[in-house]
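Read through the structure below, which is laid out as structure tokens, and then see the notes.
Residue numbers start from 1 in every chain, and the chains themselves are labelled A, B, ... in the order their sequence lines are given, proteins ahead of strands. Just so you know, these numbers use all the heavy atoms, side chains as well, and skip hydrogens, waters and symmetry mates.
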Amino acid sequence: MTVILVSSDNQDFKVDKEVAERSILIKNMLEDVGESDSPIPLPNVTAAVLTKVIEYCEHHRNDPIQVPEETDDPRKRSNDIEEWDMKFMQVDQEMLFEIILAANYLDIKPLLDVGCKTVANIIKGKTPEEIRKAFNIVNDFTPEEEAQIKKENEWAEDR
Amino acid sequence: MTSLVTLPIEVKELIAQQLDKKTLCSCVRVSGPFHAFFLPFLWQHIRIGVNPKRALPSQGSTSIAAHASLVTSLVVVGPLPKEYYSISFPHLKTLKIDTTYSIDPHDLTLLHVALVRANPTVQDLTLHATSSKLSNEFWEVIETEWIRPRSLNIVFPIVEPNQSITFWRACSRFETLTINNDDIPFFSLDCNNSTITSQQQQPQPPVDAFPHMERLTLKFDPTGYGGGPDHVDWIRRCPRLVHLAWNLVGRWSPVERLIVELKNTTWPSLSSLRLEQSMHTDKNFSDLVASLSHLRILELAQSTFGPLSFAALMAHPQIQNLHTFSVLGCDGFTGAMAQAVLEQCPTLDTFAAPFISVHDVAHEESQPWACVHTLRNLAIYITCGPRSTIESRQKMFDQLGLLSRLIRLDLGAHRLSQLPVQTRTRFITHESTLSLKLSSDNGGLTNFARLTQLRHFSFQQTPQSLGMKEVQWVLDHWTNLGKIVGQFTNIDIPFSRLFDLFQRNGIAYNEVA
């Protein structure tokens, strides 16, 4: 069975129901609407981003649904991103954030997790200046302010 | 245009939670908005400790005090300079006091009082090896000034006799109490009398002396006392008790006393019981099981659980609710009993038993396992027995293969070391072990293709001859695996290379746990 998803810029995407239901939002919508064939509008997602999201869901269509564990310790979970996902996430920064926003809106937890891990990996180990360059951020601190913040917080480093 | 700063807060939190402290320190220097957002993540968990490699930075206490409102979890490893003990953390929820160092430059007893007085918001307190650095005042502050204490975890400290009364009164405020490796003496809770006298001379404390206590864990030193009737006397005074765990290493067994209390409905909410190493009779255990009004979690490792206890368990009106059941190390627990539990408990989440035989699963009267959709943890050794056929072994594999929610599968034989040697030798042979080899008659591991949620797998000390083919199969099929234990005897690469191979795939590997 297929469903039709409509992006914010009015492009139609025909997708297998099983693939579309990787999004909990869409899954719930389909349950509410029942047997209707009407297309599902996604006003928050552009065609370019929706293409990527669908690509992810297609590739992962057979993954087991992650059940949240009560005793789940995030530290024990593997921190590695699998190779396909890594290549999938090699997009420009704007697209990366758009994918994350879409995954958040559509409630696709594994995609949201991978997106956030990717961003975290970009930030990790960088100096403040490197972080600014990586994300095009304007430094609104004076050198004195920045030095003060460094001093105030250096205690917390590796504690 | 979307940027890092404009992402929704819940998304930024997911990112921030992955960052180490060094990175967070850089983040707070990047810009105003970055500073505002990442600062709480940098300061939420802190540890103030004596680090032999580096001295505490000067102005450390000023810096901490300036960020005190961000701290929700604190570890104090003392002894520390005085000023650190009077910092107030207005949102502190978790506190651990660790005094393993013996050098004591100040009067630590007063400092510890100052620490608990300054932080009445703490809910979860852990005390580690604080030895004689506590005082009556310390416990009084907790009893009278803490707003909503929740759990108390004590490791190694000694509550001195003259502190027992204040200690027990402070305990009465907690919901969860864990006492590790300690023998906390018992005294009357009568506050009028501060001297130690035997229980017969004291008026009995009220029945609900511990009105909030729901979870109680007593772990005694294996060489020590192990607990006595005194302990049951005060456990009686926890009317809301839900969970009781007691490793009974001493010679005295509380089982008879517990039965009396259960029959008196002393603990109407008790649904979780964990008694390790309790050597009482099978009959007594059967009475114990029969007296439990709720049956949800039952762990009786290394006990004399046997046919009578088993009958009582199966006859229990709440057998359908059994969630966790462990009888590891119980010689009297047979494979047929294991099969019965698996057949009849539809909500079973965790099951640990010495062994099950292929015959138990494959004979004509055996039923399918009721728990295939709920079982997440299974620890059991599988033996084929002398008469197993390809078909009967396949039945076993078929059952195991249906456990799609399994997270931990432990087929190891190492726990059977408690069995007598003859039994062990009979059990654990190449012929008697269910082969996991891919090329074996039943396909071995291929039967486990649906166990995709598996995170932990062990075949420790089972005579298998697995090699690279099996390693590759594991890597290809169990993508959530984080740990594997067992010996790959049919492999020609050294251990270190195998270890690295697994590690590159995010899996911790060892031959024994």
Practice problem: Answer yes or no: is there a donor N or O on one side and an acceptor on the other, between the side chain of Thr23(B) and the main chain of Gly125(A), under 3.5 Å? | Solution: yes
Practice problem: Working to the nearest 0.5 Å, report the span between SG of Cys25(B) and CD1 of Ile149(A). | Solution: 11.5 Å
Practice problem: Calculate, to the nearest 0.5 Å, the distance between atoms NZ and CZ belonging to Lys150(A) and Arg29(B) respectively. | Solution: 5.0 Å
Practice problem: For each of Leu19(B), Leu14(B), Ile15(B), tally heavy-atom pairs with chain A at distances under 4.5 Å, and name the one with the top tally. | Solution: Ile15(B)
Within-4.5 Å side-chain heavy-atom neighbours: [X] and [Y]:
X         : Y         : result
Ser63(B)  : Asn153(A) : no
Ile123(A) : Leu4(B)   : yes
Pro8(B)   : Asn104(A) : yes
Glu129(A) : Val30(B)  : no
Lys124(A) : Lys22(B)  : no
Asp140(A) : Pro33(B)  : yes

Quiz item: Would Cys116(A) and Val11(B) count as a side-chain contact (heavy atoms from CB on, under 4.5 Å) if you check the C-alpha gap in whole Å, the side-chain angles of each, and the deciding distance to 0.1 Å?
Solution: CA-CA 7 Å; Cys116(A) 290; Val11(B) 174; 3.9 Å; yes
Quiz prompt | Proximity breakdown for Leu112(A) and chain B, heavy-atom pairs closer than 4.5 Å | solution = side chain
Exercise. Test Phe34(B) against Arg132(A) for side-chain contact (heavy atoms from CB on, under 4.5 Å), laying out the working first.
Key: CA-CA 10 Å; Phe34(B) 259 59; Arg132(A) 287 184 203 117; over 6 Å; no
Quiz item: For His59(A), does the NE2 atom have more than 12 heavy-atom neighbours from other residues, nucleotides or ligands under 6.0 Å away?
Solution: yes
Quiz item: With a cut-off of 6.0 Å (strictly less than), are more than 12 heavy atoms of other residues, nucleotides or ligands near NZ of Lys93(B)?
Solution: yes
Exercise. Go through the structure and list residues passing side-chain hydrogen bond (donor to acceptor under 3.5 Å, both in side chains) with His91(B), not counting sequence neighbours.
Key: none
Practice problem: Identify, with sequence neighbours excluded, every residue that meets side-chain hydrogen bond (donor to acceptor under 3.5 Å, both in side chains) alongside His243(B). | Solution: Ser272(B)
Quiz item: So what's closer than 4.5 Å to chain A heavy atoms on Leu24(B): side chain, backbone, both or neither?
Solution: neither
Quiz item: Of the backbone (N, CA, C, O) and the side chain (C-beta and beyond), which part of Gln17(B) lies under 4.5 Å from a heavy atom of chain A, both, or neither?
Solution: neither
Kindly give the heavy-atom pair with the smallest separation between [X] and [Y], and that separation in Å.
X         : Y         : answer
Phe141(A) : His35(B)  : CZ-CB, 3.8 Å
Lys21(B)  : Ala156(A) : CD-O, 3.3 Å
His67(B)  : Glu152(A) : CE1-O, 3.5 Å

Self-check item: Intermediate values then yes/no, side-chain contact (heavy atoms from CB on, under 4.5 Å), Trp155(A) and Ile48(B)
Solution: CA-CA 10 Å; Trp155(A) 185 93; Ile48(B) 314 176; 3.9 Å; yes
Practice problem: May I have the step-by-step check of side-chain contact (heavy atoms from CB on, under 4.5 Å) for Val119(A) and Gln18(B), ending in yes or no? | Solution: CA-CA 10 Å; Val119(A) 174; Gln18(B) 317 236 12; over 6 Å; no
